[in-house]
Amino acid sequence: MSAVAGRTPGGASAGAVSTGLTPVFVRLKLALLKNGLRQSSGRTAAFATSCVLVLLFSALLVLGLLALRGTQYAPTVTVLLALVFAVAWAFMPLFFPSGDETLDPSRLVMLPLEPRPLVRALLAASLVGIGPLFTVCLAVGSVIAVARGLLAALTAVVAAGLLVLTCVALARAVATANVRLLTSRRGRDLAVLSGLVVAVGVQVVNFGWQRLAATGGMPVLEPVADVVRWVPPASAVGAVHSVSEGAYGRGAVQLLLTAVLLAALLWSWERGLVKLMTSPDGSTVQAAPGSSGGSRKESTAGPLARLLPDGRTAATAQRVLRYVWRDPKTKGAWITSLAIGLIVPVFNALQGTGSPYWACFAAGMLGMQTFNQFGTDTSAFWMVATTISSVRDAYEELRARLLALLVITVPYTLLVTGLTTALADGWAIFPEVLGLSFALLGALLAAGLVASARFPYSIPQDSSYKNVAPGQGSLAWMSLVVGLVVSAVVCGPLIALTVWLHLAGTATWFLLPLGVAYGALVTWGGLRVAAPRTAARLPEILAAVSKG
């Protein structure tokens with residue numbers, strides 16, 4: 001706050017400017033919402049649909065909590081829900097930084113605002129939106145479900161307010177502390193990975209629910225709830241239950257814990273605002289002596305380059321791996337495939353309902369990364385296109401891309417297959433499962449090479465959630481469907497051989513070397529087919545991937 005102690009150009013003090021700041025920020029938040037909806041009819045429809053769904057789900061949640069009123073499980077469910085929502089509020093700004101334009105307080109640096117009034121104004125503005133409305137419904141339903149008696153009802157009013165304010169303040173404090181991250185490239189990486197968090201969270205919740213149902217249901221959670229009701233802000237709901245039981249001292253302590261946490265969050269938020277608005281960032285700090293680009297010592301060849309042949313192969317492989325590590329869209333796709341490819345077979349094995357053959361799912365997830373491999377280059381593909389003047393050049397380009405992918409896919413397939421087989425206690429069929437996985441991987445790699453040349457499409461870079469440019473959706477579906485069908489047909493003979501060997505009771509250990517050889521042969525065949533098509537359709541590929 002460089003202008004905290006100063007005066008405005010007109011002579012007004014900062015304190016005078018801060019008077020009535022809260023209603024101004026609330027109106028500003030409403031204006032941002034209104035103007036955002038004016039941008040397009042699609043955005044308006046999406047917002048209206050979201051409101052309807054949130055209101056419907058909120059009503060169902062409140063009705064469910066009211067139905068629990070008077071039951072023995074009401075205290076357990078309500079305190080656990082409160083803690084889950086608090087954690088969600090804490091991590092929400094990290095994964096959805098673009099969901100609220102007011103999350104970046106660095107835009108207010110040049111205004112003569114004092115920290116404390118600014119905190120109050122931002123807190124009030126943060127209460128405007130769909131998320132706070134849903135949290136209010138949760139808080140009201142939770143305290144009503146456990147409140148019994150007049151004193152408990154009065155405590156419930158205070159507890160609900162503390163719960164909502166603490167959740168919002170927690171989100172704001174986290175966002176302020178990480179605003180430099182959220183506005184950087186790594187912040188955009190987090191936004192891309194939000195889909196992974198949702199996917200992993202769904203699998204974890206599903207696994208936890210099944211384990212809970214198998215081990216006796218809600219009584220198993222009661223010891224956990226006994227601890228959580230002392231953890232703020234869930235302790236606010238626990239305070240209502242304690243007062244309802246006549247434990248007034250315990251309820252007062254639990255309510256005080258939430259109030260202390262809220263005060264600590266507001267203090268931390270205020271300190272974060274002061275630091276953010278007074279400390280220089282990378283754009284204002286001068287470069288240290290000797291840190292110029294000319295004097296920086298950079299390695300001319302990474303470890304992968306020393307393992308690959310010199311020339312085009314090493315350069316292309318390193319470029320592909322750098323895209324995987326640095327490009328947010330590419331990184332998000334790879335991490336999602338790696339996580340889901342591991343979670344699905346492992347969780348099925350842990351639940352006792354899976355088979356070692358689920359390990360083939362991991363190979364399938366990674367094999368599809370070759371589909372539309374030119375689209376990840378976007379408009380920069382023209383630099384690659386200038387180096388391809390013959391079928392031989394296209395062959396070397398595609399081969400180098402495959403080598404880069406195999407650096408990740410081969411050890412990963414081996415790891416997931418071994419882990420799934422161990423958890424499912426199926427070491428007897430480990431060789432054939434690994435052989436089938438490598439054969440499936442080879443078939444998908446080959447199909448992806450051909451699909452990339454035949455159905456290329458652009459990946460937009462201006463949105464974290466769009467993976468296909470407008471007007472190219474049919475190309476994306478054709479690439480996926482044709483590639484999967486071709487892969488299934490190519491793997492058909494080896495799958496049929498595996499089934500026949502099992503029916504005949506013959507040893508299947510030789511399916512491992514056979515699967516490896518079959519996958520390598522299929523990949524080589526796909527490379528030979530895709531290379532001339534890539535060279536012949538180079539202008540069409542360049543136009544398609546540069547569209548976004």
Side-chain angles (χ1 to χ4, degrees), residues 304 308-324 327 329-330 333-334 366-409 441-461 467-469 471-487 489-490 519-548:
L304 179 63
L308 295 174
D310 293 333
R312 185 188 192 106
T313 300
T316 302
Q318 287 190 94
R319 184 185 73 240
V320 172
L321 292 176
R322 283 198 176 101
Y323 279 160
V324 172
D327 180 63
K329 283 290 184 70
T330 307
W334 270 95
L366 293 190
M368 287 190 293
Q369 293 302 313
T370 55
F371 289 56
N372 191 42
Q373 57 180 310
F374 303 128
T376 58
D377 295 355
T378 62
S379 57
F381 181 70
W382 72 268
M383 292 186 292
V384 178
T386 58
T387 66
I388 300 177
S389 58
S390 64
V391 175
R392 182 62 185 177
D393 292 337
Y395 180 87
E396 292 180 351
E397 172 72 20
L398 295 176
R399 184 185 62 183
R401 289 174 179 258
L402 280 180
L403 288 175
L405 299 181
L406 291 175
V407 169
I408 302 174
T409 56
L441 178 62
L444 285 169
L445 292 177
L449 292 173
V450 178
S452 296
R454 184 64 184 86
F455 306 106
Y457 57 90
S458 177
I459 301 177
Q461 298 299 304
N467 293 317
V468 183
Q472 293 185 330
S474 58
L475 287 174
W477 278 108
M478 288 294 293
S479 174
L480 181 62
V481 172
V482 172
L484 292 178
V485 170
V486 171
S487 302
V489 172
V490 170
L521 180 63
V522 169
T523 304
W524 177 80
L527 189 59
R528 299 290 296 181
V529 172
R533 284 168 172 76
T534 301
R537 303 191 71 251
L538 205 56
E540 291 86 348
I541 296 174
L542 179 59
V545 301
S546 302
K547 184 177 181 180

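In this text, all values refer to a predicted model and were calculated from it rather than measured experimentally. Residues take their numbers from the sequence shown, with the count starting at 1.
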Test M368 against L484 for side-chain contact (heavy atoms from CB on, under 4.5 Å), laying out the working first. CA-CA 9 Å; M368 287 190 293; L484 292 178; 3.9 Å; yes
side-chain hydrogen bond (donor to acceptor under 3.5 Å, both in side chains) filter on Q373, not counting sequence neighbours, yields none
Sorted by chain and residue number, the salt bridge (Lys or Arg N to Asp or Glu O under 4.0 Å) partners of R537 (sequence neighbours excluded) come out as none
### Message
Please evaluate residues L402 and L398 with respect to the criterion side-chain contact (heavy atoms from CB on, under 4.5 Å), reporting the C-alpha separation (whole Å), side-chain torsions for both, the decisive distance (0.1 Å), and the verdict.
### Response
CA-CA 6 Å; L402 280 180; L398 295 176; 5.8 Å; no
With a 4.5 Å heavy-atom cut-off, do L406 and T523 have their side chains touching?
-> no
So CZ of R533 and CD of E540: to nearest 0.5 Å the spacing works out to 13.5 Å
If only atom types and distance count, is the side chain of S452 paired as donor or acceptor with the main-chain N or O of T370 below 3.5 Å? yes
Practice item. Let me see the working for Y323 and D377 under side-chain contact (heavy atoms from CB on, under 4.5 Å), right down to the final yes or no. Key: CA-CA 8 Å; Y323 279 160; D377 295 355; 3.0 Å; yes
In this structure, CD of E396 is separated from OG1 of T387 (nearest 0.5 Å) by 10.0 Å
Across all chains, not counting sequence neighbours, the side chain to side chain contact (heavy atoms under 4.5 Å, CB included) partners of V450 are V529, A530
Between A447 and S487 the two heavy atoms that sit nearest each other are CB-OG, 3.4 Å
By salt bridge (Lys or Arg N to Asp or Glu O under 4.0 Å), R319 pairs with (sequence neighbours left out) E397
Notebook entry, point to check: Do Y395 and T534 pass the side-chain contact (heavy atoms from CB on, under 4.5 Å) test, and can you show the C-alpha distance, the side-chain angles, and the key distance before you say yes or no?
Noted result: CA-CA 9 Å; Y395 180 87; T534 301; over 6 Å; no
Residues at least two apart in sequence or cross-chain that pass side chain to side chain contact (heavy atoms under 4.5 Å, CB included) with A446, listed by chain then number, are V522
To the nearest 0.5 Å, atom CH2 of W334 lies from atom OG1 of T409 at 6.0 Å
Exercise. Below 4.5 Å, heavy atoms only, C-beta onward: do L445 and L527 meet side chain to side chain?
Worked result: no
Contacts of F381 meeting ring pair (Phe, Tyr, Trp, His ring centres under 6.0 Å) (sequence neighbours excluded), chain-then-number -> F374
- Check whether any side-chain heavy atom of V407 lies under 4.5 Å from a side-chain heavy atom of L403, and answer yes or no. no
